[in-house]
Amino acid sequence: MPEEFYFAVSECVNLIGYSSRMKQIFNPHNRVFRRRCNGIGLVAALMTLVPGLFAEVPPSPGSQVVRLDTAHFGLVFLVGIDGRLYQQPVGDRGAKGKPPREDEAYPQAGDGYIWEPALQAVHADGNTSTALLFKDVTRTNETADCEVVRIKLCDPAYPFETTLCFRTHREQDVVEQWTEILHHESGAVTLERMASTALLLPATNIYLTHFFGGWAKEMLSPITEAITPGLKVLDSKLGTRAEQFRNSSFVLSLDGAPQENAGRVLAGSLAWSGSFQCAFEGFGSGVRALCGVNPFASAYHLEPGQVFTTPKMIWVWSANGLGDMSRKFHRWARDFGVRDGHKTRTVLLNNWETTGFNFDFNRITGFFDPAREIGAELFLLDDGWFGNKHPRLDTHAGLGDWEPNRQRLPGGLAPLAAEAGKRGLKFGIWLEPEMVNPQSELFERHPDWVIAQPKRKHELRREQMVLDLTRPAVREFEWQVISNTLGVPGISYAKWDCNRYLTQPGSSWLAPDRQSHLMTDYVNALYALMDKTAQTFPGTELMLCSGGGARADYGALKYFHEFWPSDNTDPVIRVPMQWDYSYFFPVLSLASHVTHWGERPLHFACSVAMSARFGMDLDLAKLSPEDKAVCAGAISAYKHIREVTLLGDLYRLETPHGTTRGALNFVAEDRARAVVFVFQLKDGEALPVRPQGLDPEKHYSIHELNPAPGRAALPQEGRTFTGTELMRDGVSPSCAKALEACVIELAPETK
Ligand code: DGJ
């Protein structure tokens, strides 16, 4: 054939505008293309190449590699000879020849893959198989540190595509991963499974650390186990919340059980506040982590042209153990995971533990002067301020009727906020916009607004039901509740609670054949509401709460400043609980309040609360002068160190799990200051505690903050040491007996 012939054909293909892959095939210099044209003529050539028009015939093996890189972590994908996308197992540096089918990056059900799939779809024509072949990759630098990589995969037989999306944060070794699914078939495609991630790890020596809990025991039971052949599933089917029992954050370690300062670890955290599934499958030659929305009863009928976007999975890598991993996680969270992550947090006084539902205007304003005197900066009014026909006197009534109770608060919320303001206190309010008590005017007016199953007796939890956020009128109602309440002059803080999960997931708004959308659509509607709240009230601080700590996830947290880890504020419990949360969440997002839970010494309780976002839930007027002095001292110390504790780096030094004491320290970004916390859980010895992360060359002088009355001063009080000396020899705390604590500032040397 004359040379022009090949170029003409190639040009035609270009004009048609097919993919770069097509252009590669119809390249006039491509020997295969030329041979076919020569041998059998153009028509036949096109016939033999016709699958390529639609199928994106794959490049030759190894010809296409997609790499994602952060400073110390990387993911490597390659296109196989069959056109499918494969992943090199995390941490596996040895190059394989032809990757086995098990190594597929995002395996699909029904066309050869025999293990747990990432994607299971029923196409519009009823075909239950999907085959995804690599199409293209796009890369966008969002900032110098942050790149978005999108790998598009297409089914050769259907106009159905899946895009694997990644946002890499270079310095923090964080990869956010999610998946987008889109099709243009003749009708809806049913997604039975649609994982956010299907990350592949090597077969051996992989350990999983996960956390089990329950109300008042959230995150309290860390479990580390080897991943063996079979399927290990962590999940929740709770609908309105992700956590309570199992947590959607975990650690995979690649060198056996994880250690604090050594070994390769990969933390995963699913940013989703509803039913989730994290499944870990050992299939002999590898381990796969499949995480995303829980496929249980959640089939999604995706309409043509509609995009299904999965929740984001956050992966954080370290080759130096859990400590380094969580410091990176915290830095990412302060930048992207929580609101105002570079601002310190106020000292908060809450009334819930003191009054429960039993208060009125005078009782609440009576808390303000003692609050101001002791140094508090914000007062939070909890549950019980609303409901008139059905006053909210206990959990039985009032939810849904968000007008202030006229007897308790005759002037509404504004006069309360104004009284707080007069004393220099900010004012915050509790809300639970998603819920309704059957004993409420709202339920009387709209009994069909609740999530319930037809023909079944309503199952109440905490005497309440969940409003159906898939219904537009409910969305509007909840927005009115939020905007009216947060719009009250003087309100600058809100606690958004969620005290029940779904047990009868039925919607009278969704069509009978769309009931399985409820779990997903609820959470997405909730996020839209949270987003609108954050956008409309940018100066209002928000606390995420869910009957304790059942909403501890980055899906919701990005609209909030902090979350409530647990109703259990017993400091003996909080020490290990906050330790476990700190693997994934920075302490500026962990609300920690001093209460009488456990009846522990207030000095111990204050010291524990000072190691996170400090608050109090005490009747200050009833404290003894000694206890009041301890609390005032703690508040003043917290204000002195919060730049370091809330914005600095955390080093977990001595685990409180099953030991006599727990210890940790924080180091300021410039490493000029540090704070060491020692919590004595059982009687022991005042052995030196060795801080980490100090500048070896710098000099630090030692001061105990808010020392407990009657205890001998620190042996090294007022002395100065270099960072090297302190990290090597340690500092001796003033505590040795059970329920004693010691907070030590390592301050810059004063010349
Ligand atoms: C559950 C929360 O966890 C508590 O702190 C408190 O706000 C109650 N709800 C109020 O009903």
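Counting from 1, the numbers follow the sequence of the chain as shown. Both counts, for ligands and for their atoms, begin at 1 and track the order of listing. A quick note: this is a predicted structure, and the numbers were derived from the prediction, not measured.
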- Item | Polar side-chain atom of Thr485 near backbone of Val481 as donor-acceptor pair, under 3.5 Å | yes

- Query: For the residue pair Trp430 and Phe386, does the interplanar ring angle fall in the parallel (under 30°), tilted (30 to 60°) or perpendicular (over 60°) class?
  - Reply: parallel

Show me a pair-per-line table, with atom names and distances to 0.1 Å, of protein N or O atoms that are under 3.5 Å from an N or O of ligand 1.
from: ligand 1; atom 1: 3 (O); to: Gly548; atom 2: N; distance (Å): 3.0
from: ligand 1; atom 1: 3 (O); to: Asp567; atom 2: OD1; distance (Å): 2.4
from: ligand 1; atom 1: 3 (O); to: Asp567; atom 2: OD2; distance (Å): 3.2
from: ligand 1; atom 1: 5 (O); to: Lys495; atom 2: NZ; distance (Å): 2.7
from: ligand 1; atom 1: 5 (O); to: Asp567; atom 2: OD1; distance (Å): 3.4
from: ligand 1; atom 1: 7 (O); to: Asp382; atom 2: OD1; distance (Å): 2.7
from: ligand 1; atom 1: 7 (O); to: Asp382; atom 2: OD2; distance (Å): 3.4
from: ligand 1; atom 1: 7 (O); to: Trp430; atom 2: NE1; distance (Å): 3.2
from: ligand 1; atom 1: 7 (O); to: Lys495; atom 2: NZ; distance (Å): 2.8
from: ligand 1; atom 1: 7 (O); to: Asp497; atom 2: OD2; distance (Å): 3.4
from: ligand 1; atom 1: 9 (N); to: Asp497; atom 2: OD2; distance (Å): 2.7
from: ligand 1; atom 1: 9 (N); to: Asn499; atom 2: OD1; distance (Å): 3.4
from: ligand 1; atom 1: 9 (N); to: Asn499; atom 2: ND2; distance (Å): 3.4
from: ligand 1; atom 1: 11 (O); to: Asp383; atom 2: OD2; distance (Å): 2.7
from: ligand 1; atom 1: 11 (O); to: Arg462; atom 2: NH1; distance (Å): 3.0
from: ligand 1; atom 1: 11 (O); to: Arg462; atom 2: NH2; distance (Å): 3.0

- Using 4.0 Å as the upper bound for N to carboxylate O, is an ion pair formed by Lys558 and Asp531? no

- Val293 and side chain to side chain contact (heavy atoms under 4.5 Å, CB included): which partner among Ser275, Pro311, Ser298? Pro311

- Can you pull the ring pair (Phe, Tyr, Trp, His ring centres under 6.0 Å) pairs that have at least one residue in residues 469-494, sequence neighbours excluded? Trp449-Phe477

- Arg345 side-chain N/O to His561 backbone N/O, donor-acceptor pair under 3.5 Å: yes

